[in-house]
Peer 1: 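Here you go, one structure.
Note that the coordinates shown come from a computational prediction; the quantities given were computed from them, not determined experimentally.
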Amino acid sequence: MANTDMQRFCDELRAKISIVDVVSAKVKLVRKGREYQACCPFHNEKTPSFTVNEAKGFYHCFGCGAHGDIIKFEMEANGLSFIDAVEKLAHKIGLQVPRLSQESKEQQEKRATAYDIMEMAAKYFEKILRLPEGREGLNYLYSRGFGDDIITRFRLGFAPNNNGLKALLNSRGISEKEMAELGLIAIPEGGRASHDFFRNRVMIPIFDKRGKVIAFGGRVMDKSQPKYLNSPETPVFNKRRVLYNYNYARDLGYDAKNLIICEGYMDVIAMDKYGVGYAVAPLGTALTEDQIQEAWKVVPEPICCFDGDSAGIRAAIRSVDRVLPLLKPGYSLQYAFLPDKMDPDEFLKAKGKDEFLKTVTATVPLKDLLWRKTLEGKNTATPEQKALIEKEIKAEIALIKDETVKAYYIREMKNKVYEELASGINTSSGNFQRKSSFIKAPQRSFAAAAKTDLNDLVAKYVVSAFICYPRLIEEWEEKLLSFSIKDEHLRDFYQQLLNISHDNELTDEEQITSLLNNCPIKDWHKMVDTRIIKKQCPDITKMRAQLNECILEVQLKHLEMDIQAVKAKLESGNFSDDDYNRYESLKKERDSLLNNNE
């Protein structure tokens, strides 16, 4: 369709749809003379400066300058593209959007087919959950406290281990190529038969902004790995741009003037169960720039709610690096950390909704997290060390692109340097709680707990495995937080590997090798040995099992050394109650490791 045709169609939408009806779906309008007024949905204000003129068909905010018609309002208020906004408005009055061109018609038909196939898959998983072969999944969901209302609302399902989805789609004329392109089946190398991608997992559909199924997350019900498995990238799914539950949470977040970003979709579902429906989560990645921008379309300062364990703290720190270049006046992130290593589900079960909301609204501002991130674990006893801290803080602030925000950060950090560094307060190893606003947060240090050393041979083996099978990085990153790599060069290379993983959808060795060749560490090939990995573990399943065995051996070895050291102290007779309690705790940890890996 020509541009003039699209213009005529948009004019028809403007003529047939009331802008007051469109805007009032988002904000409460009050009639004032010939116009309607409201508090602006695009910025925080207490006195209404947002007006809607029905006769002229536009809205205007005298506070922030927002201005446009019904199409622009749908785009800005709901985070839609132009064509998506037009389609939504057309659907409201039963019109069909004309095709833009022959090429776009083919693309749209292919995309529509993809949505249809994903919807078939979602309905299949939902149906199986209620059949005998889905009983294990249903019992698991019930054990998590998810009743039928939650199961229905989030369209939870179950994927059996019998290639049932492949058979169903085959019977409906869907080719294996289409199934594989949408991540519904896997086609192994070597000519082996294809099979369902998700098997023996509880299934969580992932929706786009319009509520269409675009992907799935699958969770195992035991301790097998990987615990969570997400759909791969497809023509309708880019996990770095999607926030789970955004389709539901967007409107609720507008109303509550709050949006909580948590770590995973099970956290989101648990929060909804307790009446906190404005929660979203990234999908198997650290929070990305695109996801932050999506969250800002709902509220200017969403709350990142992380578990109070080392993984949650690490996720928070990674988000600081992501958000700094994006900061703009009025837009930032707030942080809340749950105590005692609890996740939202555990906290809500133990203390209820009111206490949860009290905890997550006692937030830590981004500026304080940036300060703590820079200082944690560093010595500030000498002028040289203080100068290094100041230099690093300046380097962090330099990432901020907005000059106004950057200027205020420079001022804030100068004050902190003067108050906490120049005044001689000991800020190393997390001991600067006294003056920091972190006093509102759970009282725990960001400094890493005592870590188990990986010897050079084991560390080299693990990193080599990640290069051969990059999908393991996502599975193992959190587990490896409790380990340290002694070799400095290998440790730096491992961090580069993580950085690449956070920024890219890694699928195979060839892709990750190409990316590594552009990293600052030029001699990385000398630090790894992928040949032995491929020889010992020709597929990812065997590699996963080998890594489990390897890490377990390291853990048990270090635990046994600790147990024997404490035991010797007990046998000497010169011990305290803490020594005895530690001895019992170490033994329990050892037994737990052995039992969980039988």
Peer 1: Can you see whether Y265 engages N230 through a side-chain donor-acceptor pair at a distance of less than 3.5 angstrom?
Peer 2: yes

Peer 1: State the OG-CD distance between S319 and E289, to the nearest 0.5 angstrom.
Peer 2: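 Taking OG in S319 and CD in E289, the distance rounds to 11.0 Å.
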
Peer 1: On a heavy-atom basis, which atom in I206 and which in Y244 lie closest, and how many Å separate them?
Peer 2: CG1-CD1, 4.1 Å

Peer 1: Can you tell me if CD on E553 sees more than 12 non-hydrogen neighbours from other groups inside 6.0 Å?
Peer 2: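 No - once you tally the heavy atoms of other residues, nucleotides and ligands closer than 6.0 Å, there are 12 at most.
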
Peer 1: Could you tell me whether the side chain of N245 and the main chain of V280 form a donor-acceptor pair under 3.5 Å?
Peer 2: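 Not a single qualifying donor-acceptor pair exists.
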
Peer 1: If you compare all heavy atoms of R250 against all heavy atoms of N78, which two are closest, and at what distance to 0.1 Å?
Peer 2: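 Taking R250 first and N78 second, the nearest heavy atoms are NH1-O, 3.0 Å.
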
Peer 1: Below 4.5 Å, heavy atoms only, C-beta onward: do W371 and I393 meet side chain to side chain?
Peer 2: yes

Peer 1: Nearest 0.5 Å, please: how far is NZ in K227 from CG in D222?
Peer 2: 11.5 Å

Peer 1: Do E560 and H558 have a side chain donor and acceptor closer than 3.5 Å?
Peer 2: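 Result is no, nothing qualifies.
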
Peer 1: Taking side chain to side chain contact (heavy atoms under 4.5 Å, CB included) as the criterion, tell me which of L399, D402, L366 meets it with Y409.
Peer 2: L366

Peer 1: Please check this pair: side chain of D343 against backbone of D345, looking for a donor-acceptor N/O pair closer than 3.5 Å.
Peer 2: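 Side chain of D343 to backbone of D345, a donor-acceptor pair under 3.5 Å: yes, one is there.
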
Peer 1: Taking all heavy atoms of K367 and all of M413, pick out the closest pair and write down the distance.
Peer 2: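 Nearest heavy atoms, K367 then M413: O-CE, 3.4 Å.
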
Peer 1: Taking the side chain from T152 and the backbone from D149, do they hold a donor-acceptor pair closer than 3.5 Å?
Peer 2: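 No: the side chain of T152 does not pair with the backbone of D149.
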
Peer 1: Evaluate the criterion side chain to side chain contact (heavy atoms under 4.5 Å, CB included) for residue pair M118 and I214; output intermediate values, then yes/no.
Peer 2: CA-CA 6 Å; M118 297 304 283; I214 55 173; 5.8 Å; no

Peer 1: Please find the pair of heavy atoms, one from C304 and one from L287, that lie closest to each other, and give the distance.
Peer 2: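 Where C304 meets L287 most closely, the heavy atoms are SG-CD2, 4.1 Å.
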
Peer 1: Under the ring pair (Phe, Tyr, Trp, His ring centres under 6.0 Å) rule, what do F216 and F125 come out as? Steps first, then yes or no, please.
Peer 2: CA-CA 10 Å; F216 294 95; F125 293 137; 5.1 Å; yes

Peer 1: Are the side chains of T359 and F347 in touch, meaning some heavy atoms are under 4.5 Å apart?
Peer 2: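 T359 reaches F347 side chain to side chain.
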
Peer 1: Taking all atoms of both residues into account, what is the closest heavy-atom pair of P302 and A295, and its distance?
Peer 2: CG-CB, 3.9 Å

Peer 1: State whether a side-chain donor-acceptor pair under 3.5 Å links R153 with Y248.
Peer 2: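 Side-chain D/A pair, R153 to Y248: absent.
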
Peer 1: Flag the pair K127 / F158 as yes when at least one side-chain heavy-atom distance between them is below 4.5 Å, and no otherwise.
Peer 2: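 In short, these two side chains do not touch, never coming nearer than 4.5 Å.
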
Peer 1: Working to the nearest 0.5 angstrom, can you tell me the gap between L259 CG and Y278 OH?
Peer 2: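 The OH atom of Y278 is 9.5 Å from CG of L259, to the nearest 0.5 Å.
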
Peer 1: Would you check if there is a donor-acceptor pair between the side chains of R135 and Y140 at a distance under 3.5 Å?
Peer 2: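 Y140 vs R135: no donor-acceptor pair found between side chains.
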
Peer 1: Is the shortest heavy-atom distance from the side chain of Y228 to the side chain of R201 under 4.5 Å?
Peer 2: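 When only atoms from C-beta onward are counted, R201 and Y228 do not touch, as no gap falls below 4.5 Å.
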
Peer 1: So is K353 actually on top of Y274's ring, under 6.0 Å and inside 45° of the axis?
Peer 2: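 So K353 doesn't make the cation-pi contact.
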
Peer 1: Could you go through the side chain to side chain contact (heavy atoms under 4.5 Å, CB included) check for M266 and R144 one step at a time?
Peer 2: CA-CA 10 Å; M266 282 300 187; R144 292 288 300 257; 3.8 Å; yes

Peer 1: Can you measure from CG (L138) to CE (M221) and round to the nearest 0.5 angstrom?
Peer 2: 11.0 Å

Peer 1: Counting only heavy atoms not in K567, do more than 12 fall under 6.0 Å of its NZ?
Peer 2: no

Peer 1: Are the charged groups of K209 and E294 less than 4.0 angstrom apart, N to O?
Peer 2: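 Judged by the 4.0 Å cut-off on N to carboxylate O distance, K209 and E294 do form a salt bridge.
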
Peer 1: For R491, look at atom CZ and say whether over 12 heavy atoms of other residues, nucleotides or ligands are found less than 6.0 Å away.
Peer 2: yes

Peer 1: Evaluate the ring pair (Phe, Tyr, Trp, His ring centres under 6.0 Å) criterion for residues F146 and F154: first the C-alpha distance (whole Å), next the side-chain angles of each, then the deciding distance (0.1 Å), finally the verdict.
Peer 2: CA-CA 10 Å; F146 300 152; F154 287 95; 8.3 Å; no

Peer 1: Would you sort out whether R130 and D148 count as a salt bridge (Lys or Arg N to Asp or Glu O under 4.0 Å), showing the intermediate values?
Peer 2: CA-CA 11 Å; R130 303 293 181 173; D148 290 333; 3.1 Å; yes

Peer 1: State, yes or no, whether a side-chain contact exists between I473 and L497 at a heavy-atom distance under 4.5 Å.
Peer 2: yes

Peer 1: Are D321 and K373 close enough for a salt bridge, meaning some N to O gap below 4.0 Å?
Peer 2: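 A salt bridge is present here (some side-chain N lies under 4.0 Å from a carboxylate O).
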
Peer 1: I'd like to know if the side chain of D208 reaches the main chain of R210, judged simply by a donor and an acceptor atom lying under 3.5 Å from each other, with no hydrogens or angles considered.
Peer 2: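 Answer holds: yes.
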
Peer 1: Within the 4.5 Å heavy-atom criterion, are L129 and L141 side-chain neighbours or not?
Peer 2: yes

Peer 1: Take atom NZ in K26; do more than 12 heavy atoms of anything else shown fall under 6.0 Å from it?
Peer 2: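 Counting neighbours around NZ of K26, more than 12 heavy atoms of other residues, nucleotides or ligands fall under 6.0 Å, so yes.
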
Peer 1: Please step through side chain to side chain contact (heavy atoms under 4.5 Å, CB included) for the pair I303 and L333, ending with a clear verdict.
Peer 2: CA-CA 6 Å; I303 297 170; L333 295 177; over 6 Å; no

Peer 1: Answer yes or no: are there more than 12 heavy-atom neighbours, outside K557 itself, under 6.0 Å from its atom NZ?
Peer 2: no

Peer 1: If you round to the nearest 0.5 Å, how far is CG of L326 from CG of L324?
Peer 2: 8.5 Å

Peer 1: Does a donor on one side chain sit under 3.5 Å from an acceptor on the other, for K257 and N44?
Peer 2: no

Peer 1: Would you please test V360 and L338 for side chain to side chain contact (heavy atoms under 4.5 Å, CB included) and show each step?
Peer 2: CA-CA 8 Å; V360 298; L338 298 180; 4.3 Å; yes

Peer 1: At what distance, to the nearest 0.5 angstrom, does CG of D272 lie from CD1 of I150?
Peer 2: 4.5 Å

Peer 1: Do C550 and V458 have side chains that get closer than 4.5 Å, going by heavy atoms?
Peer 2: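 Yes, close enough: below the 4.5 Å cut-off.
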
Peer 1: Which pair of heavy atoms, one from T374 and one from E396, lies closest together, and at what distance?
Peer 2: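 Minimum heavy-atom separation between T374 and E396: OG1-CG, 4.2 Å.
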
Peer 1: Side chains of I292 and Y331, heavy atoms from C-beta outward: is any pair under 4.5 Å?
Peer 2: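 Answer no - side chains too far apart.
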
Peer 1: On the ring face of Y469, is R471 found with NZ or CZ under 6.0 Å from the centre and within 45° of the axis?
Peer 2: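 Because its charged atom misses either the 6.0 Å distance or the 45° angle limit, R471 does not stack over Y469.
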
Peer 1: Tell me if a side-chain donor or acceptor on T288 pairs with a main-chain N or O of R240 at a distance below 3.5 Å.
Peer 2: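 Looks like yes, one N/O pair under 3.5 Å.
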
Peer 1: Tell me, yes or no, whether the heavy-atom count around K123 atom NZ, taken from other residues, nucleotides or ligands under 6.0 Å, exceeds 12.
Peer 2: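 Open.
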
